[in-house]
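Everything on this sheet refers to the single structure shown next.
So that the names make sense, note that chain A is the first sequence line, chain B the second, and so on, each numbered from 1. When reading the values below, keep in mind they use all heavy atoms of this one structure, side chains included, and skip hydrogens, waters and symmetry mates.
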Amino acid sequence: MRIATWNVNSITARLPRLLAWLESSGTDVLCVQETKCGREAFPFEPLRELGYQAAVNADGRWNGVALLSRVGIEDVVTGLPGGPEYEGVQEPRAISATCGPARVWSVYVPNGREIGHPHYEYKLRWLAALNEAVAQDAAGERPFAVLGDYNIAPTDEDVWDTAAFEGATHVTDPEREALAALRASGLGDVVPRPLKYAHPFTYWDYRQLCFPKNRGMRIDLVYGNTPFAKAVTDSYVDREERKGKGASDHAPVVVDLALEAP
DNA sequence: ATGTCGGGAAATTCCCGA
């Protein structure tokens, strides 16, 4: 079974590439982030025609997550139970479901903006709530993974230049400690292989030729429990999808598993 | 093979978020 995660930066803007990629990659389950549309604008129909069911948590111009599956979607939980609010609202940043043999989450962790910004404190509270919400499944026997845009580079190796991130979010100790807490709950970082260059970056800013210069970051992560990790046969970043016209600023992370899709 | 992009308000250009 093939599971992937991809921050598409608007599912409506990305729709032609998304549909083509689903077909060419043969992905069974895709965790989507930054749909940037409301439910009413979500492209259920073209996805259905390709054989994918969709579970969606999206409410407008920002954020938004989804699960696309051609191996079933059951027991959908919309949102992060016990999750914090930002400026009085629970933003659409999480959705989970059982897709065939695995339980999966699609998450879009708050960006944080700047150290000390209210959004940064929100990011840390959000991650603490996530850890609580997944603890039971993380320790369970069923293959389980939390996939998505974490907006955190787990190590210094996961940014193109540590000096460029001095005093910035995505690399701070409290953010990395939040990832360590997930690992302590039984989830491991499924590190993909790069298709080119030394590091499996998943995101390159649109600006300043970051992609051709490979000024990237690894912030799209797959955190899986032991039964999930044991089933992994391969994982890679599909950087081809970052190329050309109409690309997202993130590339898909693909995970192949020795699990039978029903 | 590429020097931002996307959405949306107000609107054919700015603003925000990333």
Considering only the P atoms, how many Å lie between B/dG17 and B/dA10, rounded to the nearest integer? 16 Å
Starting from P on B/dT2, measure out to CG on A/D249 and report it in whole angstrom. 17 Å
Round to a whole Å and report the spacing from OH of A/Y203 to P of B/dC5. 13 Å
Between A/H250 (NE2) and B/dA18 (P), how many Å, whole number? 10 Å
Please report, rounded to the nearest Å, how far the P atom of B/dA1 is from the CG atom of A/L209. 12 Å
A/W204 has an atom CH2; how far is it from atom C1' of B/dA1, in whole Å? 16 Å
Check the phosphate of B/dC5 against A/S10, side-chain N and O only, distance under 4.0 Å to OP1 or OP2. Yes or no? no
Regarding A/Y203 and A/D149, do their side chains bring together a donor and an acceptor under 3.5 Å, going by distance alone? no
Assuming nearest nucleotide by heavy-atom distance, tell me which of A/P110 and A/D205 is located more 5' along DNA chain B. A/D205
At under 4.0 Å between heavy atoms, what does A/Y108 touch on the DNA or RNA strands: base, sugar-phosphate, or nothing? sugar-phosphate
Could you tell me whether A/T12 contacts a base, only the sugar-phosphate backbone, or nothing, with contacts defined as non-hydrogen atoms closer than 4.0 Å? sugar-phosphate
Closest to the A/F211 side chain: B/dA18, B/dG6, B/dT2? B/dT2
With rounding to whole Å, what would you report as the distance between B/dG7 and B/dT12 at their C1' atoms? 15 Å
Tell me what A/K243 touches on the nucleic acid: a base, only sugar-phosphate, or nothing, going by heavy atoms under 4.0 Å. sugar-phosphate
Taking the P atom in each of B/dA11 and B/dC16, what is the distance between them to the nearest angstrom? 15 Å
Check: A/D137/A/W105 side-chain N/O donor and acceptor closer than 3.5 Å: no
Phosphate OP1/OP2 of B/dC16 contacted by A/R113 side-chain N/O (<4.0 Å): no
Checking A/D28 against A/R2 for the salt bridge (charged side-chain N to carboxylate O under 4.0 Å, His left out) test, could you report, in this order, the C-alpha distance in whole Å, the side-chain angles of both residues, the deciding distance, and whether it holds? CA-CA 5 Å; A/D28 295 302; A/R2 174 163 279 184; over 6 Å; no
Just one of A/R183, A/R176, A/R218 clears the salt bridge (charged side-chain N to carboxylate O under 4.0 Å, His left out) bar with A/D189, so which one? A/R218
Fit a plane to each ring of A/H119 and A/Y122, take the angle between them on a 0 to 90° scale, and name the class: parallel (under 30°), tilted (30 to 60°) or perpendicular (over 60°). perpendicular
With heavy atoms under 4.0 Å as the rule, sort A/R242 into base, sugar-phosphate or nothing. nothing
Given DNA chain B, 5'-ward residue of the pair A/K213 and A/N63, judged by closest heavy atom: A/K213
What is the distance, to the nearest angstrom, from the CZ atom on A/R207 to the P atom on B/dT4? 9 Å
How many Å lie between NZ on A/K245 and P on B/dT2, as a whole number? 10 Å
Nearest whole angstrom, please: distance from the C1' of B/dA18 to the CD of A/E34. 7 Å
